[in-house]
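Okay, structure first, notes after.
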Amino acid sequence: MTTRSETQTTLDHLLTEIEHRNPAQPEFHQAAHEVLETLAPVVAARPEYAEPGLIERLVEPERQVMFRVPWQDDQGRVRVNRGFRVEFNSALGPYKGGLRFHPSVNLGVIKFLGFEQIFKNALTGLGIGGGKGGSDFDPHGRSDAEVMRFCQSFMTELYRHIGEHTDVPAGDIGVGGREIGYLFGQYRRITNRWEAGVLTGKGQGWGGSLIRPEATGYGNVLFAAAMLRERGEDLEGQTAVVSGSGNVAIYTIEKLTALGANAVTCSDSSGYVVDEKGIDLDLLKQIKEVERGRVDAYAERRGSSARFVPGGRVWEVPADLALPSATQNELDENDAATLIRNGVKAVSEGANMPTTPEAVHLLQQAGVAFGPGKAANAGGVAVSALEMAQNHARTSWTAARVEEELADIMTSIHTTCHETAERYGAPGDYVTGANIAGFERVADAMLAQGVI
Ligand code: NDP
Ligand code: 2IT
């Protein structure tokens, strides 16, 4: 029997090898460290997981596709972007994960997201593998026609790699209902198939699931509420800081408000807004979803309760809860120290890997409940899988039914993470619980299916 520390030494060697084999991919290294640094207890306890090659296979994507995406802007100029799809692991089902359109996208970013997605999707308990894709295309300031031409060109290559039984993309940063519509249209045109289950996040009326737009934000609030319940508290009357002002942030604020909390901030890459009366969602939705504007417009139109802080971070606003919902590494050590000083009780990640490893450590040391993204934001992909189920059955469920299923899934993820952490000697540590529980499910499937 190998001890935990011997196992950790083996995992540390593997991490060094991952860094050498995947140079210049710091986000992927960070995600691999986060998972592999918590697996020693389970690998030491269950010898089958120490089988040579198992974890080595897990950290190597099954397939990685990179392609040229040429398109013409409104002036007729040819632009060239790079497209990606990383099909990371299909032991539990078709690859599943979003597409991100943002100038910061590169292979390492997509690999970090795809790697996270494997464990997140496993935690949902549904039959979905892990994948992610996207492009360094920047949709900001582009006309609808430009976005459409870009999406059509992107799908003209991507279509040969995806399919309802193979790989099912959805949205992420810069990809929402509009983009999914253009992507689906081009897929249908090229393949001459009405294959609803090839993409999720589709519009109502042509295969989309009710509650999919809301699911990530709603799910994260339910996860935060479950963490608070463990401590004998609830959301009622709590002040919350939320970063971002996109899909995840908006529906996080909506659910917080519905459950009696006061969400006082939102942000984008220009700065943040603080509104002591609580964010007015109708106004925020109008500015972000309809006008595709910036958050400073919110402060201008809201009146005296709100102000815009250019370049600032929402974490300096005192709050009981923090729900980072913009992007990776947006909450660092200094931010964590500020949150702790201001008495934060829980941090729950709507975004993927928004909290730096040093900040996670500080928060956990200070006794703050910390919900890692792969558990806390799994509601989005879970409802995507429910969308696939509805598509397969050629039916659509009521909003109430989808919301009920989402609530059950989030409760079950919380319980699984909590119990797993306790079982492996890390009570209250949701990072360890999520990583081990996700790993066990994927690893068991990989072992059963042989060396592939
Ligand atoms: P959106 O594109 O709808 O919104 C993204 C928001 O984050 C915008 O307000 C954007 O501001 C801000 N943002 C993005 N990049 C940066 C950056 N580098 N610096 C500062 N602000 C930034 O994306 P989503 O809401 O869908 O995604 C937000 C996060 O949630 C991501 O981490 C995503 O991976 C994760 N997530 C999304 C799910 C989904 O279902 N959509 C599911 C699970 C996780 P600006 O417009 O100025 O760039
Ligand atoms: O990070 C994520 O989980 C998502 N962007 C959603 C993926 C999906 O397939 O719905």
Side-chain angles (χ1 to χ4, degrees), residues 27 93-105 109-110 112-121 123-124 126 128-134 138-141 167-180 197-202 208-209 211-220 223 242-253 266-273 284 287-289 292-296 298 311-314 323-331 349-355 372-388:
E27 293 87 359
Y95 309 105
K96 183 82 196 87
L99 297 171
R100 176 177 291 190
F101 292 171
H102 192 271
S104 63
V105 163
V109 167
I110 298 299
F112 119 62
L113 290 162
F115 188 66
E116 283 284 293
Q117 201 82 44
I118 303 171
F119 305 97
K120 181 194 306 193
N121 294 4
L123 284 171
T124 66
L126 303 166
I128 40 179
K132 199 84 185 190
D138 186 357
H140 288 108
D167 184 357
V168 183
D172 193 81
I173 292 176
V175 177
R178 172 182 64 171
E179 290 73 18
I180 294 294
V198 70
L199 289 169
T200 61
K202 298 180 293 297
S209 175
I211 307 297
R212 175 61 190 92
E214 293 87 348
T216 312
Y218 280 19
N220 188 26
F223 194 89
V242 177
S243 63
S245 52
N247 171 267
V248 177
I250 284 175
Y251 293 101
T252 298
I253 295 169
C266 64
S267 69
D268 62 22
S269 52
S270 67
Y272 76 86
V273 162
L284 185 63
I287 289 166
K288 283 294 174 179
E289 292 181 340
R292 294 181 186 276
R294 314 296 295 161
V295 287
D296 58 343
Y298 175 95
R313 312 240 252 188
V314 299
L323 299 106
S325 309
T327 193
Q328 63 270 14
N329 294 328
E330 56 163 316
L331 194 170
E349 295 187 322
N352 286 305
M353 209 168 76
T355 317
K374 61 170 77 64
N377 73 36
V381 76
V383 173
S384 275
L386 302 183
E387 181 170 325
M388 291 162 70

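Ligands are counted one by one from 1 in listed order, and the atoms in each one are counted from 1 as well. Just so you know, residue 1 is the first one in the sequence shown, and it goes up from there.
At least one side-chain heavy atom of R100 sits under 4.5 Å from a side-chain heavy atom of T327. Between L284 and I250 the shortest side-chain heavy-atom distance falls below 4.5 Å. Residues I253 and C266 meet the side-chain proximity criterion, which asks for heavy atoms closer than 4.5 Å.
In this structure, E116 pairs ionically with K374, as a charged nitrogen and a carboxylate oxygen lie closer than 4.0 Å. A salt bridge is absent between K96 and D167; no separation between the charged side-chain nitrogens and carboxylate oxygens falls under 4.0 Å.
In this view, D296 satisfies the side chain to side chain donor-acceptor pair (under 3.5 Å) rule with no residue, not counting sequence neighbours. S209 meets the side chain to side chain donor-acceptor pair (under 3.5 Å) test with Q390; sequence neighbours excluded.
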Can you pull every nitrogen or oxygen pair between ligand 2 and the protein closer than 3.5 angstrom?
| unit_1 | atom_1 | unit_2 | atom_2 | d |
| --- | --- | --- | --- | --- |
| ligand 2 | 1 (O) | Q117 | OE1 | 3.4 |
| ligand 2 | 1 (O) | K120 | NZ | 3.0 |
| ligand 2 | 1 (O) | K132 | NZ | 3.0 |
| ligand 2 | 1 (O) | N352 | ND2 | 3.0 |
| ligand 2 | 3 (O) | Q117 | NE2 | 3.0 |
| ligand 2 | 3 (O) | K120 | NZ | 2.8 |
| ligand 2 | 5 (N) | K132 | NZ | 3.3 |
| ligand 2 | 5 (N) | G171 | O | 3.1 |
| ligand 2 | 5 (N) | D172 | OD1 | 3.0 |
| ligand 2 | 9 (O) | K96 | NZ | 2.7 |
| ligand 2 | 10 (O) | R212 | NH2 | 3.0 |
| ligand 2 | 10 (O) | S384 | OG | 2.6 |

For each nitrogen or oxygen atom of ligand 1, which protein N/O atoms lie closer than 3.5 Å, and how far apart are they, rounded to 0.1 Å?
| unit_1 | atom_1 | unit_2 | atom_2 | d |
| --- | --- | --- | --- | --- |
| ligand 1 | 2 (O) | G174 | N | 2.9 |
| ligand 1 | 3 (O) | N247 | N | 2.9 |
| ligand 1 | 9 (O) | S245 | N | 3.0 |
| ligand 1 | 9 (O) | S245 | OG | 3.2 |
| ligand 1 | 25 (O) | N247 | N | 3.2 |
| ligand 1 | 25 (O) | V248 | N | 2.9 |
| ligand 1 | 32 (O) | R100 | NH2 | 3.4 |
| ligand 1 | 32 (O) | A326 | O | 3.4 |
| ligand 1 | 32 (O) | N352 | N | 3.2 |
| ligand 1 | 34 (O) | R100 | NH2 | 2.9 |
| ligand 1 | 34 (O) | D172 | OD1 | 2.6 |
| ligand 1 | 34 (O) | D172 | OD2 | 3.2 |
| ligand 1 | 34 (O) | N352 | ND2 | 2.8 |
| ligand 1 | 40 (O) | R212 | NH1 | 3.4 |
| ligand 1 | 40 (O) | R212 | NH2 | 2.9 |
| ligand 1 | 40 (O) | T216 | OG1 | 2.8 |
| ligand 1 | 46 (O) | H140 | NE2 | 2.8 |
| ligand 1 | 46 (O) | R294 | NH1 | 3.4 |
| ligand 1 | 47 (O) | S269 | N | 2.8 |
| ligand 1 | 47 (O) | S269 | OG | 2.4 |
| ligand 1 | 47 (O) | R294 | NH1 | 3.3 |
| ligand 1 | 47 (O) | R294 | NH2 | 2.7 |

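Looking at R294 and S245, their side chains never bring a donor and an acceptor atom within 3.5 Å of each other. Judged purely by distance below 3.5 Å, without hydrogens or angles, the side chains of R212 and T200 never pair a donor atom with an acceptor atom.
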